[in-house]
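Only one structure is covered here, and it is reproduced in the block below.
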Amino acid sequence: MMKLKLQIVLLAGTWAAIALYQAIGTFFFTDEFYCHRAYECARLRVQPRQAPFRPFFTWDRMSSGDLGHLAGVPALKKYRHQKFSTDEYGFRNPPGVLDKPCDVVLVGDSFAVGSQASDGEIFADLVRDQAGLNIYNYSPFHIGTFRRDERFLENRPRQIILMYAERNLNPRVLHYPEKFNLFRPKKFTRDEVLPAPRPRPSLKSLSHSRLLAYHAEGLYKGFLHLVGLYEFPPAILCYNPQAEMFFFWEGGDNHVNPEYAIPPMEAAADAIVKYRDEFKRRGSDLLVLIPPDKETVYHELIPPMKDLNVNILLDRFYDRMEEAHIAHVRLHTVLEKYHAAHPDDLLFYPDDTHLTPLAQQIIFDAVKDKLPCHAKPK
């Protein structure tokens, strides 16, 4: 009975300390405190649709993965240092890239942005540093937005690289809008950039639940996981404890139900053909690079996918690219071969859906001969 009373007192004291911490901390912590990686933090307080990220944003600290954050179990998160910076327009480039003509523009999603990887490690930086080309990373803005961007109607790149994750091969992400309104992102000066979100010390902030939820969730889920009672949220397809890897439902479900994934994927391919034709009329070549999902490369670690033909979706897509004579590289084959030869090397972060610097380098090496000029010797 004495032990039970002590446990109750300790538990009550812990919750009281968290509540006090919340009441005090809400006066000092900004929204940035809750960011688990640069990608989210850079998107806070962005000017409406003017840019994907905050201009002149800099992140140089620890980061954890999207799936690890989604699981909410502190012991399963993998922390790593990340450097992430943006240019005067709010895109992930060094400032001043557009001061001279672009050889290449990279358009895509968070895979093209290089979420989780540091500056200098992402595909765009490898093209810039190792191929000596002036490349602009336009991601994660949509290719339809790039199509009507006045900056690139005036200064047409020699090549446009389309890089979307496998799970984004669908019309919801890749479509060809007939409407064409010109667009020009605002060029900011450092003095014009919005300051970091500031706290609001008011009576309302005292009841703000973020701090309480932020720490209580870790305590609660961590305890349930420790005693074997925790169930991962439906968005996580699988957690492999031996490899300490999370897998994303959205990437795995396409392979479990390919009959539902193939029609929208083919519709996305049709949209890409239209973009190729338009860019060709403008004098720009199109190169299509679709990195496979983590679930495709590491399918052997996922029980419901272990014996499936996980290449069926991308093989069908690239067959369509060949029929349309669109330049491409079958990246799923490239990464699959590397994984078979080097099974201990990480191509995706264990607690995240995105590519590691090693995978970025492998992709660059596989496509460098298709760039406007060959890569310089290392």
Side-chain angles (χ1 to χ4, degrees), residues 49-52 89-93 97-98 100-113 123-124 127-128 131 133-187 262-291 313-314 316-331 363 367 369-373:
R49 307 323 310 157
Q50 280 291 329
Y89 291 98
F91 292 79
R92 193 177 185 185
N93 301 282
V97 170
L98 292 184
K100 58 181 181 179
C102 276
D103 299 304
V104 181
V105 174
L106 176 64
V107 184
D109 54 16
S110 59
F111 271 48
V113 171
F123 178 78
V127 171
R128 182 180 298 110
L133 296 172
N134 191 35
I135 181 172
Y136 193 80
N137 192 343
Y138 197 81
S139 313
F141 260 21
H142 188 268
I143 186 173
T145 307
F146 165 77
R147 164 186 175 235
R148 56 190 179 87
D149 193 314
E150 289 184 357
R151 298 173 300 168
F152 299 105
L153 290 172
E154 300 166 358
N155 175 16
R156 299 177 180 181
R158 298 159 61 190
Q159 184 181 64
I160 299 162
I161 299 178
L162 188 69
M163 180 185 284
Y164 279 90
E166 177 184 1
R167 61 180 174 271
N168 282 332
L169 286 178
N170 62 71
R172 176 174 51 84
V173 177
L174 285 167
H175 61 277
Y176 184 85
E178 300 298 335
K179 191 175 180 180
F180 192 95
N181 296 322
L182 292 179
F183 171 74
R184 179 183 287 270
K186 175 178 172 58
K187 182 178 181 179
I262 288 176
M265 179 207 68
E266 291 178 339
D270 292 339
I272 292 174
V273 173
K274 293 182 179 179
Y275 283 114
R276 188 279 310 270
D277 294 342
E278 180 173 329
F279 296 149
K280 187 176 182 179
R281 290 194 295 269
R282 295 186 188 181
S284 299
D285 296 324
L286 179 66
L287 174 62
V288 175
L289 305 175
I290 305 298
L313 299 177
L314 286 175
R316 288 279 294 269
F317 170 79
Y318 281 121
D319 288 345
R320 180 73 179 88
M321 294 295 99
E322 286 187 7
E323 292 171 4
H325 305 290
I326 296 177
H328 62 275
V329 176
R330 297 188 182 230
L331 296 181
I363 289 174
V367 307
D369 290 341
K370 292 187 176 291
L371 298 173
C373 66

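As a basis for the values below, the full set of heavy atoms in this structure was taken, side chains included, without hydrogen atoms, waters or symmetry mates. Predicted, not measured: the structure shown is a model, and the values here were computed from it. Numbers here simply count residues along the sequence, with the first being 1.
- Minimum heavy-atom separation, Asn155 to Cys102: ND2-N, 3.6 Å.
- Annotation: cation-pi geometry not satisfied between Arg330 and Phe317 (NZ/CZ under 6.0 angstrom from ring centroid, within 45° of ring axis).
- Nearest heavy-atom pair across Gln159 and Lys370 is NE2-O, 2.8 Å.
- Residues Pro52 and Pro140 meet the side-chain proximity criterion, which asks for heavy atoms closer than 4.5 Å.
- Taking CD1 of Ile326 as the reference point, atom CD1 of Ile272 lies at 7.0 Å (rounded to 0.5 Å).
- A donor-acceptor contact shorter than 3.5 Å links the side chain of Asn134 to the backbone of Pro101.
- With contacts defined as side-chain heavy-atom distances shorter than 4.5 Å, the pair Met163/Leu106 qualifies.
- A donor-acceptor pair under 3.5 Å links the side-chain atoms of Asn170 to the main chain of Val173, judged by distance alone.
- Looking only at side-chain heavy atoms (C-beta outward), Arg128 and Asn93 come within less than 4.5 Å of each other.
- Here the closest heavy-atom approach between residue Pro264 and residue Pro171 is recorded as O-CD, 3.3 Å.
- When atom types are taken as modelled, the side chain of Arg92 and the backbone of Val113 share a donor-acceptor pair closer than 3.5 angstrom.
- By the side chain to side chain contact (heavy atoms under 4.5 Å, CB included) test, His175 is found to be paired with His142, Pro177, residues two or more places apart in sequence or in another chain being considered.
- Looking at Phe146 and Tyr136, their side chains never come closer than 4.5 Å, going by heavy atoms from C-beta outward.
- Contact check for Leu162 versus Ile143: side-chain heavy atoms found under the 4.5 Å cut-off.
- Side-chain contact between Ile161 and Leu371 is present, with at least one heavy-atom pair separated by less than 4.5 Å.
- Ring pair Tyr176/Tyr275 is perpendicular by interplanar angle, where above 60° counts as perpendicular and below 30° as parallel.
- Looking only at distances, a side-chain donor or acceptor of Arg276 sits under 3.5 Å from a matching main-chain atom of Ala324.
- Using a 4.5 Å heavy-atom threshold, the side chains of Asn168 and Leu174 count as separate.
- In terms of heavy atoms, Gln50 sits closest to Phe141 at C-CZ, 4.2 Å.
- A ring-centre distance under 6.0 Å is not found for Tyr164 and Phe111.
- Smallest separation of non-hydrogen atoms from Leu331 and Pro291: CD1-N, 3.9 Å.
- Residues Phe91 and Asn137 are not in side-chain contact: their nearest non-hydrogen atoms beyond the backbone lie 4.5 Å or more apart.
- Here Lys280 contributes atom NZ and His325 contributes atom NE2; the two are 9.5 Å apart, rounded to the nearest 0.5 Å.
- By the side chain to side chain contact (heavy atoms under 4.5 Å, CB included) test, Arg156 pairs with Arg282, Ser284, sequence neighbours left out.
- Interatomic distance, CG of Leu169 versus CG of Leu313, reported as 8.5 Å (0.5 Å rounding).
- What you find for Val329 and Tyr318 is that their closest heavy atoms are O-OH, 3.1 Å.
- The main-chain N or O of Ser139 is never found under 3.5 Å from a side-chain atom of Asp109 such that the two would form a donor-acceptor pair.
- Side-chain rings of Tyr138 and Tyr89 stay apart, their centers remaining 6.0 Å or farther from each other.
- The CG atom of Leu314 sits 11.0 Å away from the NE2 atom of His328 when rounded to the nearest 0.5 Å.
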Set out, in order, the CA-CA distance, both residues' side-chain angles and the distance that settles side-chain contact (heavy atoms from CB on, under 4.5 Å) for Val273 and Asp277, then state yes or no. CA-CA 6 Å; Val273 173; Asp277 294 342; 3.9 Å; yes
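- Under the rule for a side chain to side chain contact (heavy atoms under 4.5 Å, CB included), the partners of Glu323 that lie at least two apart in sequence or sit in another chain are Arg320.
- Between Leu182 atom CG and Arg151 atom CZ the span is 13.0 Å, to the nearest 0.5 Å.
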